[in-house]
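Any value given below was found using the heavy atoms of this structure, including those in side chains, with hydrogens, waters and symmetry copies removed. Numbers for residues simply follow the sequence, beginning at 1.
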Amino acid sequence: MNERMTARKRTHLPAQQPSDARERAALVGLLSGPSRPFDAEHSLDELAGLAAAAGARVVLRVLQERPRPDPATFLGSGKAEALALSCDEVDADVVIFDNELSPAQLRNLEKVCDRKVVDRTQLILDIFARRARTREGKLQVELAQLKYLMPRLVGSAAALSRLGGGIGTRGPGETKLESDRRRIRHRISVLSKDIDAVRRRRSQLRERRHKAAVPMVALVGYTNAGKTTLFNALTGQGAVASDALFVTLDPLIRKVRLPDRRELLVSDTVGFIERLPHPLVAAFRATLEEVAAADLLLHVIDASDPERERHMEAVRRVLAEVGAGDVSTVDVFNKCDRLDPVERERLRMLYPAGLRVSAMSGEGRDEIIAVMEARLALDTARVTFEFDGSSEADREQISQLYRLGRILRHVASDGHVSIEANVPRRVLDRFTAVPVRTS
């Protein structure tokens, strides 16, 4: 191994000023159990997208097939040595595995490869750390990183950080590893309390929206399905959208005015991904609760992706995990402008209730708004109220009726006001005036 390291240094010493400053990454996937080769290839393609989002350039791809992962080196000692040689040839800076590695496997692979080794979970955490902009997002990412790091701390019991003299200080003291773990446990406790405060604040905001009877629609879907582009098309906002993974991390909530003048809120959420790390799901539960509390979910799907079905199932699993599996959902097949007429017709036959749109061109926007309006108006009643136009309290009720309902008829005569409107049943008890007629 020392000879290989010396050869590596001698071979690549002159090339110290590459034109591309990004890290050079080697991707590694393992075929085990019932995995199929084309599944692994698509998984490596996704891993390459994650690596690019983390600022790396892929220079090597390796697929290894074995019945089960090796407990020591994941790939097996021989394949690990071959991987190290291949990394030497392409001068890779980092090796990225498309799996979650145990602490022992990480240490052994770094020793064999003589370079940094990162697993899938660590890579996604790194991307999230890059994308986090708000204090809330940074707190949640840091908590997930610390929970990931905790079992992977290594140290030696002989490496003592506290040995003193005098009464009460003799003895082995506290090891550096124990000190690090204690600090991390303390930081996790602090972050958990801060995130609990975020959860309470979000709960209060949801309660305020509920009192105002403002419906909430949440966009969910696999990462890079086009949720943010669709969000911009619906709201007229300019949220950053890009053909990259996990561009949206911090949730955005904006107002949309329907053709009948009613208003609703649309939320753009973090994209899901297959095998989403559990520490992330746990850390982002405060954010994902917004999805569970929504009145309607728009499941945005990349219609042109060959792995469309698998991505849809991955999103459904995460929704069930965060308690949003029973929320009313509409499938929105985005990027249909990339499909030929035959594929579009096939999609229509497979999912007759789904919407076929293109957020980029604006195709299908009116249809989405119509569906949102219909779904959110199912729980309404047609009511006729009589108000006293000279009463300030009644004038406030009229203003609230215009804000919460869809006005069908407004007649004012001799100081009396008669209004017929479609009003959500859940807010009928807010009106002190007794309805003249309800249907």
Side-chain angles (χ1 to χ4, degrees), residues 1-33 35-127 129-130 148 152 154 243-246 273-275 277 307:
M1 180 175 175
N2 290 335
E3 293 178 359
R4 179 174 57 80
M5 291 171 59
T6 304
R8 175 189 170 201
K9 292 177 182 177
R10 183 174 59 250
T11 302
H12 299 289
L13 188 59
Q16 293 296 319
Q17 297 180 350
S19 57
D20 192 340
R22 292 179 296 171
E23 283 188 290
R24 300 166 62 85
L27 308 184
V28 182
L30 181 68
L31 299 175
S32 62
S35 296
R36 295 172 293 177
F38 60 86
D39 286 339
E41 288 289 353
H42 285 303
S43 187
L44 275 190
D45 289 340
E46 184 175 86
L47 188 67
L50 291 171
R57 180 164 64 94
V58 177
V59 294
L60 176 67
R61 294 187 181 210
V62 176
L63 272 175
Q64 166 71 356
E65 186 171 2
R66 55 181 298 125
R68 63 186 63 84
D70 180 70
T73 61
F74 193 73
L75 299 175
S77 57
K79 189 64 177 179
E81 282 288 346
L83 172 64
L85 291 172
S86 299
C87 289
D88 286 345
E89 292 177 1
V90 298
D91 197 18
D93 302 305
V94 59
V95 183
I96 304 174
F97 280 76
D98 191 29
N99 307 83
E100 186 167 337
L101 303 176
S102 70
Q105 289 168 340
L106 273 171
R107 291 196 301 272
N108 293 334
L109 284 167
E110 285 186 342
K111 187 181 299 183
V112 172
C113 295
D114 187 35
R115 51 183 41 85
K116 182 169 57 177
V117 176
V118 174
D119 65 9
R120 180 185 177 89
T121 299
Q122 192 175 355
L123 177 63
I124 294 176
L125 288 172
D126 182 80
I127 297 171
R130 286 168 172 260
Y148 172 84
R152 289 166 174 79
V154 294
D243 187 19
L245 303 180
F246 295 126
I273 195 169
E274 198 168 13
R275 292 177 286 155
E307 293 294 293

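The CG atom of D93 lies 12.0 Å from the CZ atom of R22; values are rounded to the nearest 0.5 Å. Of the inter-residue distances, the one linking E81 atom CD with C113 atom SG reads 8.0 Å to the nearest 0.5 angstrom. Atom CD1 in I96 sits 9.5 Å away from atom CD in Q122 (nearest 0.5 Å). Between the CG atom of L60 and the CG atom of D91 there is a distance of 12.0 Å, given to the nearest 0.5 Å. The CG atom of L63 sits 9.0 Å away from the OG atom of S43 when rounded to the nearest 0.5 Å. Summarising the geometry, atom CD belonging to E46 is positioned 5.0 Å from atom CZ belonging to R120; distances are rounded to the nearest 0.5 Å.
Put simply, the side chain of P69 reaches to within 4.5 Å of the side chain of L30, judged on heavy atoms. R66 has its side chain out of reach of K79: every pair of non-hydrogen atoms, C-beta onward, lies at least 4.5 Å apart. With contacts defined as side-chain heavy-atom distances shorter than 4.5 Å, the pair R115/D88 qualifies. Contact annotation: the side chain of D119 approaches that of Y148 to within less than 4.5 Å [non-hydrogen atoms, C-beta and beyond].
Partner of V62 under the side-chain contact (heavy atoms from CB on, under 4.5 Å) criterion, out of L83, L44, V95: L83 alone. Partner L27 forms a side-chain contact (heavy atoms from CB on, under 4.5 Å) with one of V58, D45, V59 and no other, that one being V58. Put simply, the residue from L47, T121, L75 that forms a side-chain contact (heavy atoms from CB on, under 4.5 Å) with F97 is L75.
When all heavy atoms of V90 and R24 are compared, the closest pair comes out as O-NH2, 2.6 Å. The minimum heavy-atom distance between T73 and A80, with the atom names listed, is CB-CB, 4.4 Å.
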